[in-house]
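Input: a single structure, listed below in structure tokens.
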Amino acid sequence: MTSSLLHVPPPQRLLQPLAMPERLMLGPGPSNVPPRILAASGRQLLGHMHPEMLQVMDEIKAGIQYAFQTQNQLTLAISGTGHCAMEAALLNLLEQGDTVLVAINGIWGQRAAEIARRLGANVRELLKPPGDYFTLQDIEEGLAQQKPSVLFITHGESSTGVLQPLEGLGNLCHRYGCLLLVDAVASLGGAPIFMDQQEIDVLYSGSQKVLNVPPGSAPISFSQRAREKMLRRKTKPQSFYLDMGWLANYWGCDGKPRRYHHTAPTNSFFSLREGLAMLAELGLESSWERHRASCAQLCQGLRDMGLELFVKEEKARLPTITTVRVPEGYDWKEITAFLMDNYGIEIAGGLGPSAGKVLRIGLMGCNSTSENVTRVLRALREALRHCPRCRL
Ligand code: PMP
């Protein structure tokens with residue numbers, strides 16, 4: 001008998017079937033994926049340069065243009081999650097020494113500032129307490145003082161549950177010679193956003209929130225102004241993978257023959273295509289209304305339980321993710337564990353500046369239903385009433 005050359009045996013756990021529990025995903029994402037989208041990601045592959053695949057990419061582009069309400073030619077999906085789109089936006093827009101003003105009222109501004117610092121940009125922070133949003137006056141003061149070439153702001157601050165008003169912001173930035181970069185990972189499809197009318201220069205999102213698509217692809221779009229800034233670059237973007245010149249070509253946005261750049265995650269793109277198709281079928285306005293109604297029902301239910309909403313002003317509440325203060329005398333971890341163990345429902349604790357202070361309940365896309373609101377409220381009521389171990 002020959003002795004094996006292998007020093008590492010096949011892992012026993014991999015020889016068991018894949019185990020997957022049923023969960024209702026009511027955290028800040030990922031959300032549940034409907035069967036139609038799951039089926040799309042399970043389809044047989046196409047080559048990443050096959051004409052049929054390029055057609056799927058064109059359909060994705062049209063779907064993003066609809067979801068973003070933009071006619072921008074440079075519109076595509078990044079092969080990566082929301083962070084990847086954030087990096088792509090910042091590293092293509094910024095060169096060493098450029099000044100970027102980052103509006104920070106939660107973790108996403110903090111992350112953007114961190115990425116921009118790594119890129120060698122001159123990062124200026126505009127701060128607001130978690131739970132607050134920025135007024136046009138706040139922003140104008142920052143623009144006048146710092147004279148940035150780019151402003152970063154988060155539309156749906158998923159760590160705090162704040163919806164940032166965008167009206168007038170693009171125009172204001174442009175009056176100060178600054179580009180407007182907006183993160184809509186947590187808000188796209190759940191709250192109105194109009195890229196062209198609101199003069200947003202770079203907008204990106206993610207797949208695993210309202211679109212109900214598995215994580216791994218991220219819509220992004222660049223205005224003509226943003227393209228011009230990228231064309232004026234003296235240095236190449238630090239990342240080859242995320243170089244928008246290459247990606248624009250691969251996605252057929254530059255009018256030149258498409259060249260291989262990277263192997264697209266074909267099945268992620270199939271599912272993104274279906275998520276965007278479902279949004280187009282439902283219609284943006286119906287989607288916004290669905291999220292508004294579920295969020296209102298949830299907020300009312302939470303208040304009826306005597307709980308305190310973290311975001312005071314109703315109009316500043318993100319319709320996709322609601323934040324509620326952890327009630328006095330309770331441990332947030334025990335509440336989230338109770339819901340998971342007894343009801344198979346995921347809700348989340350806080351993140352970054354809201355850590356330990358809030359519970360976050362997400363109602364996104366197909367999860368945003370009156371029935372799910374009732375289910376999560378019932379589970380939460382049980383957690384607070386019948387769970388002595390929740391009491392500290
Ligand atoms: N921005 C916001 C507002 C988010 O909510 C998230 C995800 N929670 C991200 C960016 C990062 O996305 P991802 O986790 O897909 O990288």
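Because the structure is predicted, anything quoted here is derived from the model rather than measured. Any value given below was found using the heavy atoms of this structure, including those in side chains, with hydrogens, waters and symmetry copies removed. All ligand and atom numbering here is 1-based and tracks the order in the structure.
Checking only distances, T154 never comes within under 3.5 Å of ligand 1, N or O to N or O. The shortest N/O to N/O separation between G82 and ligand 1 falls below 3.5 Å.
Using cut-offs of 30° and 60° for the angle between ring planes, the F338 and Y343 rings count as tilted.
Of all protein heavy atoms, the one closest to atom 5 (O) of ligand 1 is S158 OG, 2.6 Å. Nearest protein heavy-atom neighbour of atom 1 (N) of ligand 1: D183 OD2, 2.7 Å.
Here H48 and F269 keep their ring centres 6.0 angstrom or further from each other. Two rings, from F240 and H261, have their centers less than 6.0 Å apart. Ring centroid separation for the pair W108 and H83 comes in under the 6.0 Å cut-off. Annotation: W251 is not in aromatic contact with F222 [ring centroid separation under 6.0 Å not met].
Within the listing of ligand 1, atoms 11 (C), 12 (O), 13 (P), 14 (O), 16 (O) sit less than 4.0 angstrom from a heavy atom of H83. Atoms of ligand 1 found under 4.0 Å from any heavy atom of A186, numbered from 1 in the order shown, are 5 (O).
Under 3.5 Å, the side chains of T75 and N72 contain no donor-acceptor pair of N or O atoms.
Residues V100 and R124 form no side-chain contact, since every pair of their non-hydrogen atoms from C-beta on lies 4.5 Å or further apart.
At least one heavy atom of G156 sits closer than 4.0 Å to an atom of ligand 1. Put simply, part of Q208 is less than 4.0 Å from ligand 1, judged by heavy atoms.
Contact annotation for K209 and ligand 1: only side-chain heavy atoms (C-beta onward) come within less than 4.0 Å of the ligand.
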